[in-house]
Amino acid sequence: MTGVHASSTHYPALDGIRGIAVLGVLVLHGVLVPVATKADAWVAAIANLGFTGVDIFFVLSGFLITGILIDAKGAPNYFRNFYARRSLRIFPLYFVTLILLLALAPGADGERLRELQGWHWAYLVNIPVAIYGWTELPLTAHWWSLAVEEQFYLVWPIMVWALSRERFRRFAWCVVVGASAIRIGLFLAHWLGMIDPHFIMANYVLTPMRADGLAVGGLIALSLREPGGAQRLRRLVQPLAIVSALGITGLWIRHGEYNSIGRDFQVIGYPCVAAGAAALLIAAITGPDGSRLRRTLEGRWLRFFGKYSYAMYVIHPIVGYVLYEAFPPAPVAGSGIVAGVARFVVLVACTVPPAVLSWVALERPMLSLKRFFEPKPDDQHLAVRGGMASQAL
């Protein structure tokens, strides 16, 4: 754990974390509970917490990518290998889906997508979402998080390459603090009447305001590569988990719901969610073999969803869009809970087959090309060939 090539270790539990993240997002978009009773309202509020799945993805991605970059620093073709492998992982499915949507999306939603397609080709979907909101792009608004990660990839490799480890640590902490400061600043500007209230959506979808989760993951990767780093990280699990639980519970008590774009959640909630995701990640990679958490995360079902999580994330709102048009949410027997749960089950059942097909027919063949962008066998920097690298790339 303490060597400079810690990323050569394969952690099956990370697939389980990815599975939790994508299931959270599916709950958010699938359990659309028509509120007819207090119980309905309670379940709907809990389902809204599924948005934290994106934050878990951010922390996990920051951890994996930073580790790969640190271990590859100084190797030949550092930038070429990284960007080629990232492109093979994320571009094929993304652009194939975009082409199909541009050709087939119906009605006013399809027309609006075609009007705003330039943002999609440039991986800048988060900008029109910040400007116009979710409703303008119901088929692709969720791609805002893909845009955030892609923009992160443009800056992070340069900083890892250019900075010493200690300076990179300071930079990552500046990102963590700076993202929160920008979010607070926007709310203050709104309170003073300096900006349109709608622009608060920018706090949720623009990279400078959401980079703290990615940076937290990067800090964990950096610490893991230091002597005694795993032990120091392990001591942080309980404090991080307590802070996360207290913060999220406090927001529930104050508001009775989880509003991902509400002031308190953007100022307090995002750091608390990042802390919880960090605790889960650290426990997964430093905890003892055979622990209950490790066994759960390494379970077959969570790892199954983790394996196909990228395709499921990309396409599930498209499936949900069709379901919503065909079967609008409506209470069943005076309650919305049954309808919400049933819709979630149907959404998962209809999303898994195309995600598996995408993996077999598109993603796996493209990923096989990574072999052309690996260090030579005699290079001293071999970590990007390791198990953790395969999980990220």
Side-chain angles (χ1 to χ4, degrees), residues 1-12 14-15 18 57-92 94 123 146 148-175 207 211 214-230 232-233 281-282 284-286 310 363-393:
M1 286 288 191
T2 60
V4 293
H5 298 315
S7 74
S8 61
T9 303
H10 179 75
Y11 297 106
L14 299 189
D15 280 332
R18 193 179 284 110
F57 275 129
F58 283 163
V59 173
L60 180 59
S61 181
F63 169 74
L64 292 169
I65 295 304
T66 304
I68 290 167
L69 291 170
I70 291 173
D71 293 340
K73 184 175 180 178
N77 302 311
Y78 167 86
F79 289 103
R80 187 204 69 168
N81 287 346
F82 175 76
Y83 285 115
R85 292 166 70 88
R86 278 284 80 197
S87 298
L88 288 169
R89 181 67 188 101
I90 62 181
F91 284 174
Y94 177 91
Y123 256 94
L146 304 181
V148 167
E149 291 210 22
E150 187 66 16
Q151 292 153 25
F152 165 75
Y153 299 148
L154 293 178
V155 176
W156 215 245
I158 298 173
M159 304 311 294
V160 172
W161 175 78
L163 300 176
S164 67
R165 289 198 180 189
E166 186 56 37
R167 289 184 176 180
F168 177 76
R169 184 195 310 278
R170 295 172 190 170
F171 168 73
W173 274 114
C174 287
V175 172
T207 302
L214 291 157
V216 166
L219 286 165
I220 295 172
L222 183 61
S223 296
L224 188 65
R225 283 156 178 78
E226 298 173 341
R232 289 194 299 272
L233 285 170
L281 173 59
I282 294 169
I285 61 178
T286 68
Y310 177 50
E363 296 172 72
R364 186 168 61 186
M366 296 303 296
L367 290 174
S368 69
L369 301 178
K370 291 189 303 179
R371 66 185 184 276
F372 296 111
F373 303 100
E374 293 182 346
K376 296 178 181 179
D378 58 346
D379 283 342
Q380 62 177 336
H381 299 274
L382 301 176
V384 291
R385 303 177 61 189
M388 187 180 293
S390 70
Q391 294 187 44
L393 298 178

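Keep in mind that what you see is a predicted model, and the values were worked out from it rather than measured.
Between Arg225 and Gly67, the shortest heavy-atom distance links the atoms NH2-CA, 3.2 Å. Nearest heavy atom pair, residue Phe82 against residue Pro157, reads CE2-CG, 3.5 Å.
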For residues 216-224, which side-chain N or O atoms pair as donor and acceptor with protein atoms under 3.5 Å away, sequence neighbours left out?
residue: Ser223; atom: OG; partner: Leu219; partner atom: O; Å: 3.1

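Going from atom CG of Leu14 over to atom CZ of Arg18 covers 7.0 Å, rounded to the nearest 0.5 Å. Taken to the nearest 0.5 Å, the CG atom of Leu60 stands 10.5 Å off from the CG atom of Leu214. The line from CZ of Phe373 to OH of Tyr83 is 15.0 Å long, rounded to the nearest 0.5 Å. Taken to the nearest 0.5 Å, the NZ atom of Lys370 stands 12.5 Å off from the OG atom of Ser87. How far CD of Glu149 is from CD1 of Ile90: 8.0 Å, rounded to the nearest 0.5 Å. Once rounded to the nearest 0.5 Å, the distance linking CG of Asn81 with CZ of Phe79 reads 11.5 Å.
Residues satisfying the salt bridge (charged side-chain N to carboxylate O under 4.0 Å, His left out) criterion with Arg170, sequence neighbours excluded, are Glu166. Scored by the side chain to side chain donor-acceptor pair (under 3.5 Å) test, Gln151 finds Asn126, Thr207 as partners (sequence neighbours excluded). Every residue meeting the salt bridge (charged side-chain N to carboxylate O under 4.0 Å, His left out) condition with Glu363, not counting sequence neighbours, appears here in chain and number order: Arg89. Qualifying side chain to side chain contact (heavy atoms under 4.5 Å, CB included) partners for Leu163, counting only residues two or more places apart in sequence or in other chains: Met159, Arg167, Phe168, Phe171. Tyr94 meets the ring-ring contact (aromatic ring centres under 6.0 Å, His included) test with Tyr123, Trp143; sequence neighbours excluded.
Between the Tyr153 side chain and the Ile65 main chain, no donor and acceptor come within less than 3.5 Å of each other. For Lys73 (side chain) and Val160 (main-chain N/O), a donor-acceptor pair under 3.5 Å exists by modelled atom type. No side-chain donor-acceptor contact under 3.5 Å links Ser61 to the backbone of Phe57.
The shortest distance between side-chain heavy atoms of Tyr11 and Thr286 does not fall below 4.5 Å.
Taking a cutoff of 4.0 Å between a charged side-chain nitrogen and a carboxylate oxygen, Arg85 and Glu374 qualify as a salt bridge.
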